[in-house]
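The shown structure was predicted, so the numbers you read here are calculated from the model rather than taken from an experiment.
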2 protein chains.
Amino acid sequence: MAQIQTLSKNQKIILDIIEKANEPLKAYSILFNVQKKGIKAPLQVYRALEKLIKLGKIHKVESRNAFVACKNSNCDISKATAFSICETCEKVTEISDQKLSKYLKNFQDKTGMIYKKYNLEFYGLCTACKRS
Amino acid sequence: MAQIQTLSKNQKIILDIIEKANEPLKAYSILFNVQKKGIKAPLQVYRALEKLIKLGKIHKVESRNAFVACKNSNCDISKATAFSICETCEKVTEISDQKLSKYLKNFQDKTGMIYKKYNLEFYGLCTACKRS
DNA sequence: TTAAATATGTTATATTATAACAAACGTTAC
DNA sequence: GTAACGTTTGTTATAATATAACATATTTAA
Ligand SMILES: [Zn+2]
Ligand SMILES: [Zn+2]
Ligand SMILES: [Zn+2]
Ligand SMILES: [Zn+2]
């Protein structure tokens with residue numbers, strides 16, 4: 001609420017659209033939706049997306065090239081994201097699981113590489129699609 | 001070794017290139033590299049990639065739109081993949097960690113969604129880049 | 001051996017994303 | 001207030017990634 005004030009005009013417009021959507025939005029679908037508000041070029045969208053990701057307001061669902069509003073508390077400013085994705089209906093849900101995130105944040109490989117961030121995507125069948 | 005016989009001509013050519021590379025390859029870089037072997041169109045590459053992924057011979061690194069040969073035993077035919085990615089030098093390594101894969105395969109969310117697959121990407125700083 | 005499934009070749013096009021440049025806006029510091 | 005700085009915007013063009021649609025060929029298996 002406080003931080004939203006620091007967003008620029010385009011950033012607000014685009015965050016608003018993404019927050020109101022109940023599904024991940026693609027960049028060009030966002031572009032189409034904001035053209036009436038004066039945002040005409042892909043770069044205007046991509047620049048806002050980039051900033052919003054950096055702020056942890058939204059995440060990119062990498063395997064879908066789509067963008068969703070963060071449903072957790074900005075996921076440590078975008079450093080730890082996990083999604084469940086239904087391969088049938090394409091419904092995407094952000095996973096909020098303390099144990100999982102703790103496990104992954106603490107994960108260390110053999111090489112000693114330092115991990116600053118992770119993104120995890122589960123693919124499967126949602127409960128609605130399972131029934132039908 | 002047995003299964004490689006079942007690959008088609010284009011699939012063999014493209015798997016060969018990917019296996020010999022020590023880095024993830026992009027589709028159009030693969031295309032460029034196989035043009036001397038008669039593969040001229042993007043679709044020929046993408047179709048082979050799709051099949052190789054299905055067979056678990058290669059994986060797609062989603063955040064990089066790039067393809068790497070599987071370094072494990074085909075990762076249960078491509079159902080469970082994890083990578084470490086250096087954000088400085090872009091080095092990508094497939095993670096093989098029994099505990100991690102067991103943990104993720106058994107992961108269940110609150111909704112009861114059935115997970116058939118996952119892809120996990122860690123981003124950070126590799127040991128070489130850490131030193132410099 | 002013929003039907004089905006898989007793979008190929010080809011052209012065109014769709015989709016996703018960035019480069020390069022110029023101008024405007026919003027801090028903050030003096 | 002205004003200079004200096006970083007950030008945001010606007011704009012045109014283009015790069016990079018991926019698929020549609022259609023015709024043909026090859027392989028597999030009943
Ligand atoms: Zn989040
Ligand atoms: Zn579903
Ligand atoms: Zn693998
Ligand atoms: Zn590195």
Side-chain angles (χ1 to χ4, degrees), chain A residues 2-18 21 23-68 77 87 90 92 119 121, chain B residues 2-18 21 23-68 77 87 90 92 119 121:
Chain A
Q3 201 161 13
I4 206 169
Q5 304 296 358
T6 79
L7 295 181
S8 74
K9 184 176 123 275
N10 288 1
Q11 288 159 13
K12 275 182 208 156
I13 292 170
I14 284 164
L15 176 58
D16 190 56
I17 298 247
I18 296 175
E23 57 181 2
L25 295 182
K26 305 216 156 204
Y28 276 74
S29 131
I30 293 169
L31 175 58
F32 179 82
N33 279 291
V34 296
Q35 279 183 332
K36 47 186 168 300
K37 294 197 170 146
I39 296 177
K40 289 172 193 157
L43 246 196
Q44 294 175 289
V45 173
Y46 280 104
R47 286 197 282 222
L49 290 173
E50 185 183 25
K51 192 64 191 289
L52 292 168
I53 288 171
K54 210 167 279 172
L55 294 173
K57 300 290 185 190
I58 65 171
H59 304 306
K60 181 173 187 182
V61 184
E62 292 290 352
S63 68
R64 299 304 190 258
N65 299 314
F67 303 86
V68 286
I77 311 301
E87 288 181 305
E90 288 296 319
V92 172
N119 177 59
E121 300 183 5
Chain B
Q3 202 162 12
I4 205 168
Q5 304 296 357
T6 77
L7 295 181
S8 74
K9 182 175 122 277
N10 288 1
Q11 289 158 13
K12 275 182 210 159
I13 291 170
I14 284 164
L15 176 58
D16 190 55
I17 297 248
I18 296 174
E23 58 182 0
L25 295 183
K26 305 218 156 203
Y28 277 73
S29 131
I30 293 169
L31 176 58
F32 179 81
N33 279 291
V34 297
Q35 279 182 332
K36 47 186 168 296
K37 293 197 172 148
I39 295 177
K40 289 171 192 159
L43 247 196
Q44 294 175 288
V45 172
Y46 280 104
R47 286 197 282 223
L49 289 173
E50 185 183 27
K51 193 62 192 290
L52 292 169
I53 288 170
K54 209 168 279 171
L55 294 173
K57 299 290 184 189
I58 66 171
H59 304 306
K60 182 174 187 181
V61 183
E62 293 289 353
S63 67
R64 299 305 190 257
N65 299 314
F67 304 86
V68 285
I77 312 302
E87 288 181 307
E90 288 296 318
V92 173
N119 177 61
E121 300 183 4

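- Between the side chains of A:Ser63 and A:Glu121, at least one donor-acceptor pair of N or O atoms lies under 3.5 Å.
- In this structure, B:Glu62 atom CD and D:dT17 atom C1' are separated by 12 Å, rounded to whole Å.
- Contact annotation: A:Lys9 side-chain N/O to D:dG10 OP1/OP2 distance is under 4.0 Å.
- For the pair A:Asn10 CG and D:dG10 C1', the computed distance is 9 Å after rounding to whole Å.
- For the pair A:Ile17 and A:Val34, the minimum side-chain heavy-atom distance is below 4.5 Å.
- Rounded to an integer number of Å, the gap from B:Phe67 CZ to D:dA16 C1' is 13 Å.
- One atom, CD of A:Glu50, and another, C1' of D:dT9, lie 14 Å apart when rounded to the nearest Å.
- For C:dA7, the OP1/OP2 oxygens have a side-chain nitrogen or oxygen of B:Lys51 closer than 4.0 Å.
- Side-chain N/O atoms of B:Tyr28 and base N/O atoms of D:dA15 include no donor-acceptor pair closer than 3.5 Å.
- Residue A:Ser8 places at least one side-chain N or O under 4.0 Å from the OP1 or OP2 atom of D:dT9.
- Contact between the side-chain N/O atoms of A:Lys37 and the OP1/OP2 oxygens of D:dT9 is not found at any separation under 4.0 Å.
- Nearest-nucleotide mapping onto DNA chain D: of B:Leu43 and B:Tyr46, the residue sitting toward the 5' end is B:Tyr46.
- The distance from atom CD of B:Gln35 to atom C1' of C:dT8 is 16 Å, rounded to the nearest whole Å.
- In terms of position along DNA chain D, the nucleotide closest to B:Asn65 lies nearer the 5' end than the nucleotide closest to the other residue of the pair B:Arg47 and B:Asn65.
- Taking side-chain N and O atoms only, A:Lys26 has no distance below 4.0 Å to OP1 or OP2 of C:dA14.
- A donor-acceptor pair under 3.5 Å is formed between the side chain of A:Lys26 and the backbone N or O of A:Arg64.
- For the pair B:Leu7 CG and D:dT28 P, the interatomic distance rounds to 12 Å; values are reported in whole Å.
- B:Arg64 has its CZ atom 16 Å from the C1' atom of C:dT18, to the nearest Å.
- Between the CD1 atom of A:Ile14 and the P atom of D:dT8 there is a distance of 13 Å, rounded to whole Å.
- Phosphate proximity of D:dG10 to A:Lys40: absent, as no side-chain N or O sits under 4.0 Å from OP1 or OP2.
- Taking 4.0 angstrom as the limit, B:Gln44 places none of its side-chain polar atoms (N or O) nearer than this to OP1 or OP2 of C:dT10.
- The minimum heavy-atom distance linking B:Ile18 with B:Phe67 is given by the pair CG2-O, 3.9 Å.
- Under the 3.5 Å distance criterion, the side-chain polar atoms of B:Asn33 are matched with a main-chain donor or acceptor of B:Ser29.
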